[in-house]
Q: 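First the structure, then my questions, so here it is.
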Amino acid sequence: MKLTPLALAVALFALPAYAQDEEGCPTDAEMVASMTLDELRQYEHSLQNPEMSFEEACKDATDKDEEEATGSRMHYCVKRTAIYSSANPETGTTESANVTLYDYVSVQQKGLRWNHRLRVVFEAVEGNAMAGLIVAPEIFCGSCTEKQQLEPQTLAGPGTYDFAVAMGFDTDDGRVEEEVQLVLSRFNTDQSLLQASAPSLRCDKISKKDSSGCRYSGYPAVFDVSLSDPETDESATHIKVAQEILPGMVGRWHEDAAIRGKALTRSRDSEVRKDNRKEAGRLCAARFPDLVGTGLNCDEYPFAATNQGASLVPEAAMSVKFIAGADNQKVGRRLGTFLCNNARVIDGEEFWVKVVD
């Protein structure tokens, strides 16, 4: 669905009160209604499936192990550096150059295809090391194609050279492993100078019915809720307090895994979510009887859409609070958008909640 700004506005005003499908995923109109104006602009842009630029994807890339590659659930960049050395039979000298390989991908919002891109930078050339040098990157991808040869380039001198090839996943659900090998050829001699491995890319059609997409599932899924947003501040305040007092600081995000809270896990089971909401409502009535019937909503944490919801854990592991209905429903829609569309969290997969100022 590609929405214009006018269609987005119409969707906002035509929105029903609050409804999700049986998996807890918001409709397209609901997803739009949960967004700020900035998010609306970003969403409309994302429907065009733009790729991140090299500068965006690789701005924090460092020459470390693949496990430390810069990235998110929708992109990554691996950087590799080496010295290319070549014996010139015509002069009897050894010529060299510094080589940097950037291996990067930005997946689309929807669909099972992506462009695998490489950037190769040659600098600090000694002698005539670039003359006649042929660069031929190769991509190995067992779940797409065994080997994809990118178009070789014969280089004329130092500088930056870009390569790209379209890739696609050949099954409905599963993981893609990609590896890159950079082959440099000169004087009929090949050097497999640099290699890089991409983070595991998971492609699925099960995070949301009738929707397909790929995400780098090795990167944590983190849902943000803001204390300064007047539309969500009540929920954010409740979540912040709940994460501090509940056992295991459940769901609390921190960059340092050692002090991160115990993860939440998504439930796509409609009966589980229904039972969680019912039990949360009972807890709200028992803990705050004077607020029953005042028009406020019962806000529960952990969320009903998780396996840590009220029907599945002891009462001491649940926090409930009456808050404004619009606030409660706004966060519910944003959570559904996050789980089903943005992060594509599948059933039973871990995620965290980050309360931001």
Q: Using side chain to side chain contact (heavy atoms under 4.5 Å, CB included), reason through M74 and R215 one step at a time and then give a plain yes or no.
A: CA-CA 5 Å; M74 293 193 68; R215 298 292 183 268; 3.8 Å; yes
Q: Kindly compute the distance separating OG (S319) from NZ (K321), expressed to the nearest 0.5 Å.
A: 8.5 Å
Q: Could you walk me through whether V183 and E138 pass the side chain to side chain contact (heavy atoms under 4.5 Å, CB included) test, one step at a time?
A: CA-CA 8 Å; V183 180; E138 299 172 344; 4.3 Å; yes
Q: With the 4.5 Å side-chain cut-off for hydrophobic clustering, are L201 and F169 part of the same group?
A: yes
Q: Could you measure the distance from the NZ atom of K205 to the CG atom of L112? Nearest 0.5 Å is fine.
A: 6.0 Å
Q: Would the distance check show the side chain of R73 and the main-chain N or O of A343 forming a donor-acceptor pair, the cut-off being under 3.5 Å?
A: yes
Q: Do R282 and E315 meet the salt-bridge criterion of a basic N to acidic O distance under 4.0 Å?
A: yes
Q: Report yes if the side chains of D103 and R80 come closer than 4.5 Å at any heavy-atom pair, otherwise no.
A: no
Q: When clusters are formed by joining ILVMFWY residues with side-chain heavy atoms under 4.5 Å apart, either directly or through shared neighbours, do W114 and L150 land in the same one?
A: yes
Q: Taking E234's backbone N and O only, do any of them form a donor-acceptor pair with D327's side chain (distance below 3.5 Å, no angle check)?
A: yes
Q: Under a plain distance cut-off of 3.5 Å, with no hydrogens placed, do S217 and R175 share a side-chain donor-acceptor pair?
A: yes
Q: Mark yes when over 12 heavy atoms from residues, nucleotides or ligands other than D256 sit less than 6.0 Å from its CG; otherwise mark no.
A: yes
Q: Would you mind telling me which of K110, Q109, R344 makes a side chain to side chain donor-acceptor pair (under 3.5 Å) with S211?
A: R344
Q: Would the distance check show the side chain of E179 and the main-chain N or O of F140 forming a donor-acceptor pair, the cut-off being under 3.5 Å?
A: no
Q: Report yes or no: does E349 contribute a side-chain atom to a donor-acceptor pair with the main-chain N or O of A221 at less than 3.5 Å?
A: no
Q: Show me the donor-acceptor pairs within less than 3.5 Å that the side chains of residues 156-164 make with the rest of the protein, sequence neighbours left out.
A:
residue	atom	partner	partner atom	Å
Y161	OH	G157	O	2.6
D162	OD1	R119	NE	2.7
D162	OD2	R119	NH2	3.2

Q: Tell me which pairs pass ring-ring contact (aromatic ring centres under 6.0 Å, His included) where either residue lies in residues 258-298, with sequence neighbours left out.
A: none
Q: Return yes if a side-chain donor-acceptor contact under 3.5 Å exists between N276 and S311, otherwise no.
A: yes
Q: Are the charged groups of E350 and R260 less than 4.0 angstrom apart, N to O?
A: no
Q: Side chains of T93 and N88: do they bring a donor and an acceptor to under 3.5 Å?
A: no
Q: Run through Y301, F338, F351 and flag the one making a ring-ring contact (aromatic ring centres under 6.0 Å, His included) with F223.
A: F338
Q: Spell out, as yes or no, whether a donor-acceptor pair under 3.5 Å connects the side chain of Q308 to the backbone of T265.
A: yes
Q: If two hydrophobic side chains count as joined below 4.5 Å and joins carry through other members, does L264 share a cluster with V331?
A: yes
Q: Evaluate R117 against S106 for side chain to side chain contact (heavy atoms under 4.5 Å, CB included), listing each step before the verdict.
A: CA-CA 9 Å; R117 297 182 291 171; S106 174; 4.1 Å; yes
Q: Just by distance, with hydrogens left out, do H238 and S235 show a side-chain donor and acceptor under 3.5 Å apart?
A: no
Q: Are V180 and V99 connected in a single hydrophobic cluster, I mean Ile/Leu/Val/Met/Phe/Trp/Tyr linked by side-chain heavy atoms less than 4.5 Å apart?
A: yes
Q: Regarding E231 and R334, does a basic nitrogen lie under 4.0 Å from an acidic carboxylate oxygen?
A: yes
Q: Just by modelled atom types, is the S226 backbone N or O under 3.5 Å from a matching donor or acceptor in the T232 side chain?
A: yes
Q: I'd like to know if D347 and R266 make a salt bridge, using a cut-off of under 4.0 Å between side-chain N and carboxylate O.
A: no
Q: Decide whether L193 and L155 are clustered together by the hydrophobic rule: side chain heavy atoms of Ile, Leu, Val, Met, Phe, Trp, Tyr closer than 4.5 Å, transitively.
A: yes
Q: Under the side chain to side chain contact (heavy atoms under 4.5 Å, CB included) criterion, do I83 and N98 qualify, and how do the steps go?
A: CA-CA 5 Å; I83 297 177; N98 291 346; 3.7 Å; yes
Q: With respect to L184, which candidate in V135, I134, V120 satisfies the side chain to side chain contact (heavy atoms under 4.5 Å, CB included) definition?
A: V135
